[in-house]
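First comes the structure, then the notes that go with it.
Computation of the quantities below employed the complete heavy-atom set of this structure, encompassing side-chain atoms and omitting hydrogens, waters and symmetry-equivalent molecules. Small disclaimer: the values here were computed from a predicted structure and weren't measured. Order of the sequence lines fixes the chain letters, A, B, ..., with proteins taken first and strands second; residue numbering starts at 1 for each chain.
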Amino acid sequence: MEQIKITFPDGKVKEYPKGVTPFEIAKSVSEGLAREVITAKVNGKTVETVTPINSDASIQLYTWESEEGKQVFWHSSAHILAQTLEFFYPGIKLTIGPAIENGFYYDVDLGEKNISESDFKKIEEKFLEFARQKAEFKIKSVSKSDALNLYNEQQNEFKIELIENLTDGEITFCDHSNFTDLCRGGHLPNTGFVKAVKITNVAGAYWRGNEKNKQLTRVYGISFPKQKMLEEYLLLLEEAKKRDHRKLGKELELFTFSQKVGQGLPLWLPKGAALRERLENFMRNAQKKAGYVSVVTPHIGSKELYVTSGHYEKYGADSFQPIHTPDENEEFLLKPMNCPHHCEIFNSSPKSYKDLPLRLAEFGTVYRYEQSGELHGLTRVRGFTQDDAHIFCRNDQVEDEFKKVIDLVLYVFSALGFNDYTAQISLRDKENREKYIGTDENWEKAEQAIINAAHDKGLKTEVEFGEAAFYGPKLDFMVKDALGRKWQLGTIQVDYNLPERFNLEYTGSDNQKHRPVMIHRAPFGSMERFVAVLIEHCGGNFPLWLSNEQAVLLPISEKFNEKAQELLNLLNNYDIRGLVDNRNEKIGKKIRDAELKKVPYMLIVGEKEAETNTLAVRKHGKGDMGVLTVEEFATMIKKEIKEHTN
RNA sequence: GCCGAUGUAGCUCAGUGGUAGAGCACUUCCUUGGUAAGGAAGAGGUCACGGGUUCAAGUCCCGUCAUUGGCUCCA
């Protein structure tokens, strides 16, 4: 029999008979791999494990453990979901069912029917029943006309639209059991691989994501090859729920909302404000060291300011509407951005090249009219404060300044325990130029500067085309929190446009006028969003240096209240924040309450401690740490605070 | 903005058409204690708001507002 050469990812080459399948190749490696192999890439193309290989090829085998494996697993699960939905709701129109980051969904047109959460259980049960049939996924080619005929019969205008955009000869259907769906392929060997499923959500979604199109019903689910994995996933969801910043924000009395004030307008309570102030001071110090100067600008600006900046043209209709003055025909806008104000500060006096880079920083509060459906806790609000700064520099300084900003962002992340992050570089969509302001030449320069800086700093990067702001490309930091969820925090953006619009100039060493470049940057992003992410990351257990109460003193009985206050005064002299819990409660109750409030240290003062000026130290979540003198304790936690470790 | 769900005491929630409930928190009293809830009593609600059906509505219907899960959007 004819032999072909198969190249493995590690570069090894082995010979197999022509027509060998990825499954057989896996089997030749090990039985275990054969059992677990889900999908394969042959010459970089995703195929079923039963697809014969007829010529020399490179191969990559994937199990559940890989991203590729999960995607195929979930995509296949979407087929089973569609089969299940069709079973319960005959006559529905299937549309698309992709795998997503955590699971999959299927969009269907239910017509008059609807699905509610009470239906999830029966869907899950039937789904698993179908899965247990171990039906093979079979890919078959169909001609365009046959495909169109099938969906014409079913009057499924969605599939017809999809097929019309496909090339005849490249159209495939996937069958399993007696269920057929239009599909380009990449499936599990059979449905039996799916051992556990959870329907997670049902929601409306527009056909092709366009709000002018018909709204479909989207059913979300997640599936696993083992029941235990589902249980672990559900536990993770539970944990995420416990850490939800909206819940903890309420419990720890950090912030609140009021209908009377307005939706999306957070009210910071004393404890939240204290936390936020500490973060701001931390940033102010870091910025001072990095050569920034502070400025302050008002919350409103004349409409002309934003006409000049271009924001009015771009967002005016979707913003809070202008404020009118009573006498004159003047219009002001709540500021949606700080940069136009900062441009005018730059313009307030002539600048020399010796003045650059000029780094203007402000905790500037801005207001944006976000759609009501998008508001969410502190992460998406209508009024928020950016830790904003604008760097005005020469062209030849851009890359260097960009790198300095990256250093600052990384310093901030490390101080707050965010150690897992990637940099997302957002470039323009070159096909869609009318979306952007500015010349091609400037965009080119800006994009290159970002890529170079990120590369030089050794950042893990992902490039996204079409995600740039309308005025320039940007680099966003995506951090992973303690539960592995991704959040967008700090942002750095190069801007060649505002300097032109505001006619910013400096005098160069050649005594000629030059245009500076602007860099917008916000390491936290916004205080609101950052605090929300921080709460969820640490589950409300803030790093010691940020905690409102670093220690609470717990007198054993009211007899020791005075002594506890005396010891607290000593700790205050070391700049340690704390309180005395002088309520008429037993020690067990006081400890319980302090634990629930997530106070880092509990210091118990009873007869023994009172006599010797000592503290019985108990650490949050850890328990008894023994007895220390006030000085020993103060030294220990001062060290912890200084190191910015927990 | 669109589709769905939800809205009862400060918080978490129960209450399927017949006079508003529990636990925690709060107030007062008793208790003075050694590492996650000591005991008793009390106070606290136009059941989101506005209409409707009914002898009777927290409960059923309609509308509004807010919250929430998605979609769309995100300077």
Give me the one residue out of Arg382(A), His376(A), Arg380(A) that meets side chain to side chain donor-acceptor pair (under 3.5 Å) with Glu370(A).
Arg380(A)
Quick one: the side chain of Arg218(A) and the base of C71(B), do they pair up donor-acceptor inside 3.5 Å?
no
Rounding to a whole Å, what distance do you find between Trp207(A):CH2 and G70(B):C1'?
18 Å
If you look at every strand shown and take non-hydrogen atoms under 4.0 Å, does Gly377(A) touch a base, only sugar-phosphate, or nothing?
sugar-phosphate
Does a side-chain N-to-carboxylate-O contact under 4.0 Å join Arg428(A) and Asp440(A)?
yes
Would Glu609(A) and Lys563(A) pass as an ion pair if we require N to O under 4.0 Å?
no
Would you say the rings of His520(A) and Tyr471(A) are close, in the sense that their centroids are separated by under 6.0 Å?
yes
Among Phe346(A), Phe502(A), Tyr292(A), ring-ring contact (aromatic ring centres under 6.0 Å, His included) partner for Phe392(A)
Phe346(A)
Whole-Å gap separating C1' (G10(B)) and CD (Glu251(A)):
13 Å
Without decimals, in angstroms, what is the distance between Glu467(A) CD and C73(B) C1'?
12 Å
Take atom CZ of Arg583(A) and atom P of G33(B), then tell me their distance rounded to the nearest Å.
18 Å
Any luck finding a side-chain donor-acceptor pair between Trp207(A) and Glu161(A) under 3.5 Å?
yes
Sort out for me which residue in Leu568(A), Leu554(A), Leu571(A) forms a side-chain contact (heavy atoms from CB on, under 4.5 Å) with Leu603(A).
Leu571(A)
Any non-hydrogen side-chain atom of Pro555(A) less than 4.5 Å from a side-chain atom of Val580(A)?
yes
Ignoring backbone atoms, establish whether Gln215(A) has a side-chain N or O less than 4.0 Å from OP1 or OP2 of C71(B).
no
Please give the distance between the C1' atoms of G42(B) and G58(B) as a whole number of Å.
26 Å
Using whole Å, what does the distance between atom P of nucleotide U67(B) and atom CG of Leu378(A) come to?
13 Å
Taking atom P in both A56(B) and U67(B), compute the distance separating them and give it to the nearest angstrom.
35 Å
Between the protein and nucleotides 34-39 of chain B, list every N/O to N/O distance that falls short of 3.5 Å.
{"residue": "G34(B)", "atom": "O6", "partner": "Glu607(A)", "partner atom": "N", "Å": "2.8"}
{"residue": "G34(B)", "atom": "O6", "partner": "Lys608(A)", "partner atom": "N", "Å": "3.3"}
{"residue": "G34(B)", "atom": "N1", "partner": "Glu609(A)", "partner atom": "OE1", "Å": "2.8"}
{"residue": "G34(B)", "atom": "N1", "partner": "Glu609(A)", "partner atom": "OE2", "Å": "3.3"}
{"residue": "G34(B)", "atom": "N2", "partner": "Glu609(A)", "partner atom": "OE1", "Å": "3.4"}
{"residue": "G34(B)", "atom": "N2", "partner": "Glu609(A)", "partner atom": "OE2", "Å": "2.6"}
{"residue": "U35(B)", "atom": "O2'", "partner": "Arg618(A)", "partner atom": "NH1", "Å": "3.2"}
{"residue": "U35(B)", "atom": "O2", "partner": "Arg618(A)", "partner atom": "NH1", "Å": "3.3"}
{"residue": "A36(B)", "atom": "N7", "partner": "Arg618(A)", "partner atom": "NH2", "Å": "3.2"}
{"residue": "A36(B)", "atom": "N6", "partner": "Glu595(A)", "partner atom": "OE1", "Å": "3.3"}
{"residue": "A37(B)", "atom": "N6", "partner": "Arg592(A)", "partner atom": "NH2", "Å": "2.5"}
{"residue": "A37(B)", "atom": "N1", "partner": "Arg592(A)", "partner atom": "NH2", "Å": "3.1"}

I'd like the P distance from G51(B) over to A57(B), given in whole Å.
13 Å
Write down the distance separating the P atoms in C24(B) and G38(B), rounded off to the nearest Å.
11 Å
Tell me what Tyr220(A) touches on the nucleic acid: a base, only sugar-phosphate, or nothing, going by heavy atoms under 4.0 Å.
sugar-phosphate
Taking the side chain as every heavy atom from C-beta outward, state whether Phe158(A) and Leu94(A) have any atom pair closer than 4.5 Å.
no
Going by an N to O cut-off under 4.0 Å, is there a salt bridge joining Glu401(A) and Arg359(A)?
yes
salt_bridge(Asp593(A), Arg583(A)) N-O dist < 4.0 Å
yes
Is the charged tip of Lys122(A) near the ring of Phe88(A): under 6.0 Å from the six-membered ring centre and within 45° of its axis?
yes
A43(B) to U28(B) separation - C1' atoms, rounded to the nearest Å
10 Å
Please state how far atom CD1 in Ile115(A) lies from atom C1' in C3(B), giving the value in whole angstrom units.
13 Å
If the threshold is 4.0 Å, N to carboxylate O, is there a salt bridge linking Glu239(A) and Lys242(A)?
yes
Can you tell me which nucleotide in G33(B), C74(B), C71(B) comes closest to the side chain of Ala205(A)?
C71(B)
Could you tell me how far A5(B) sits from U12(B) if I compare only their P atoms? Round to whole Å.
22 Å
Applying a 4.0 Å non-hydrogen cut-off, can you work out what Ser319(A) is touching in the nucleic acid: base, sugar-phosphate, or nothing?
base
Nearest heavy atom decides the nucleotide; on that basis, is Ala203(A) or Pro336(A) closer to the 5' end of RNA chain B?
Ala203(A)
Determine the Euclidean distance between corresponding P atoms of C11(B) and G17(B); express it in Å to zero decimal places.
28 Å
Expressed as a whole number of Å, how far does the P atom of A41(B) sit from that of G50(B)?
37 Å
Tell me what Arg246(A) touches on the nucleic acid: a base, only sugar-phosphate, or nothing, going by heavy atoms under 4.0 Å.
sugar-phosphate
Convert the base pairs of RNA chain B into dot-bracket notation, remembering that pairs crossing earlier ones are written with [ ] and that bases paired across to another strand are shown as |; include only Watson-Crick or G-U pairs under 3.5 Å.
(((((((..((((....[..)))).(((((.......))))).....(((((..]....))))))))))))....
When you measure from the side chain of Ser372(A), which nucleotide among G1(B), C74(B), C2(B) comes out closest?
G1(B)
Summarise how protein sits on nucleotides 43-49 of chain B as a single string, 5' to 3': B when a protein heavy atom is under 4.0 Å from the base, S for sugar-phosphate-only contact, - for no contact.
-------
Expressed as a whole number of angstroms, how long is the span from Tyr206(A):OH to U72(B):C1'?
6 Å
Roughly how many Å is it from CG in Leu375(A) to C1' in C65(B), rounded to a whole number?
14 Å
Any Lys250(A) side-chain N or O less than 4.0 Å from OP1/OP2 of G10(B):
no
Any side-chain heavy atom of Leu162(A) sitting closer than 4.5 Å to one from Ile96(A)?
yes
What is the nucleic acid contact for His520(A), judged by heavy atoms within less than 4.0 Å: base, sugar-phosphate only, or nothing?
nothing
For Gln371(A), which contact category applies under a 4.0 Å heavy-atom criterion: base, sugar-phosphate, or nothing?
base
On RNA chain B, compare the nucleotides closest to Asn210(A) and Thr200(A); which residue's is nearer the 5' end?
Thr200(A)
